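Report on the following structure.
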Protein chains: 2
Amino acid sequence: MESLAADVFSRACTSREALEHVTGKWSLLALSALQEAPHRFGELRRRVDGVSEKMLSQSLQTLERDGWVHREVRSTIPPHVEYRLTPAGAELAPKLLALIGFVEDRLPQVHAARDRHDAAH
Amino acid sequence: MESLAADVFSRACTSREALEHVTGKWSLLALSALQEAPHRFGELRRRVDGVSEKMLSQSLQTLERDGWVHREVRSTIPPHVEYRLTPAGAELAPKLLALIGFVEDRLPQVHAARDRHDAAH
DNA sequence: CAGAATCCCTCTTGATACTG
DNA sequence: CAGTATCAAGAGGGATTCTG
């Protein structure tokens, strides 16, 4: 029997999949944007610069399915759809923001490291 | 010259690339493993269950280039190569661990959300 | 042991166009 | 407005072989 606790290091552990869903390129940015405020689809698309409609839609569906994001539809004409973080998502987002903030702050060092590394070879 | 503040939401911002490097499927796990202790290549390969030599090698090279991981070679026979976190990496890793731990803890809720979502359609 | 190099295939990605 | 459908291109990833 293996350990009872979830273990990302194990190939079979589903936490790996769940983790990939939230750390995905576009998911990460969508969650961060939603941390600021609820957004409509088009707003999100503009906020997350460079994302295609397809990938945004796909990412949002996955995030909704995993319970991080709530999707609210108002059946008006034209349609109005709003995305917001669920309570779980609201707990998750700050951890992502911490990560993003840290990497942004360290960006100069990252570039310096790359220059050093590239120069050495 | 680009914007003064790093902004992941901007398509052009290089922080996005740096972020993808550390949140990549295998990079994330490699950094987590190295947080526990320095590892040799083969140890890392066994610890990160499911990774191929190719992808592990590739991930480690990227992490080394960005300055999160240090690679130390001892020119013995057989060769001995040890990977460890740099000081920057040691600051980064806990943030990743926090994320992983959170998602692992929430795994039951994630599955429950999926079941609810799938049942509704 | 620690990788580099190669081949090969699948899955993701991203324009573009179309729909309710 | 908020997506879905389609298709071409490229990256991701596995298996195998080779080298210092």
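Not measured: the values here are computed from a predicted model. Here is the naming used below: chain letters follow the sequence lines, and residue numbers restart at 1 for every chain.
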- Please determine, for the side chain of A/V81, which listed nucleotide (D/dA2, C/dG3, D/dT4) has the closest atom? D/dA2
Rounded to the nearest Å, what distance is computed from the [atom1] atom of residue [X] to the [atom2] atom of nucleotide [N]?
| X | N | atom1 | atom2 | result |
| --- | --- | --- | --- | --- |
| B/I77 | C/dC1 | CD1 | C1' | 11 Å |
| A/E72 | D/dC1 | CD | P | 18 Å |
| B/L60 | C/dA2 | CG | P | 11 Å |
| A/L44 | D/dG3 | CG | P | 10 Å |
| A/E20 | C/dT13 | CD | C1' | 16 Å |
| B/E82 | C/dG3 | CD | C1' | 17 Å |
| A/L56 | D/dG3 | CG | P | 8 Å |

So, does [X] get its side chain near the phosphate of [N], meaning an N or O under 4.0 Å from OP1 or OP2?
| X | N | result |
| --- | --- | --- |
| B/Q61 | C/dG3 | no |
| B/Y83 | C/dG3 | yes |
| B/S57 | C/dA4 | yes |
| A/T76 | D/dC1 | no |

- Not counting sequence neighbours, which residues clear side chain to side chain donor-acceptor pair (under 3.5 Å) with A/S57? List them please. A/Q61
- Across all chains, not counting sequence neighbours, the side chain to side chain donor-acceptor pair (under 3.5 Å) partners of A/E17 are none
- Message: If the condition is ring-ring contact (aromatic ring centres under 6.0 Å, His included), which residues does B/H117 pass it with, not counting sequence neighbours?
- Response: B/H121
Do any side-chain atoms of residues 80-88 of chain A form donor-acceptor pairs under 3.5 angstrom with protein atoms, and if so which ones, sequence neighbours left out?
| from | atom 1 | to | atom 2 | distance (Å) |
| --- | --- | --- | --- | --- |
| A/H80 | ND1 | A/R40 | NH1 | 3.2 |
| A/E82 | OE2 | A/R84 | NH2 | 2.8 |
| A/Y83 | OH | A/R71 | NE | 3.2 |
| A/T86 | OG1 | A/G67 | O | 2.7 |
| A/T86 | OG1 | A/W68 | O | 3.2 |
| A/T86 | OG1 | A/A88 | N | 3.4 |
| A/T86 | OG1 | A/G89 | N | 3.0 |

- 5' to 3', nucleotides 6-20 of chain D under a 4.0 Å protein heavy-atom cut-off (B base, S sugar-phosphate only, - none) gives BB-----BB-----B
- Item | B/C13 side chain near B/V8 side chain, heavy-atom distance below 4.5 Å | no
- Query: Going by heavy atoms in the side chains, are A/T23 and A/L99 under 4.5 Å from each other?
  - Reply: no
- Query: Which part of the nucleic acid does A/R71 contact within heavy-atom distance under 4.0 Å: base, sugar-phosphate only, or nothing?
  - Reply: sugar-phosphate
- If Ile, Leu, Val, Met, Phe, Trp and Tyr residues are connected whenever their side-chain heavy atoms lie under 4.5 Å apart, and connections chain through other members, are B/I100 and A/F9 in the same group? yes
- Write out all pairs satisfying salt bridge (charged side-chain N to carboxylate O under 4.0 Å, His left out) with one or both partners inside residues 59-69 of chain B, taking only residues at least two apart or from two chains. A/R114-B/D66, A/D118-B/R65
Could you tabulate the donor-acceptor pairs under 3.5 Å formed by side-chain atoms of residues 24-33 of chain A, not counting sequence neighbours?
| from | atom 1 | to | atom 2 | distance (Å) |
| --- | --- | --- | --- | --- |
| A/S27 | OG | A/H21 | O | 3.0 |
| A/S32 | OG | A/L28 | O | 2.8 |

Return the set of residues passing salt bridge (Lys or Arg N to Asp or Glu O under 4.0 Å) with [X] (not counting sequence neighbours), or none when no residue passes.
| X | result |
| --- | --- |
| B/D49 | A/R11 |
| A/E36 | A/R47 |
| A/E91 | B/R106 |

- Near DNA chain C, under 4.0 Å by heavy atom, which residues of residues 30-43 of chain B? B/R40, B/F41, B/G42
- At how many degrees, to 10°, do the end axes of the helix from C/dC1-D/dG20 to C/dG20-D/dC1 meet when each uses five pairs? 50°
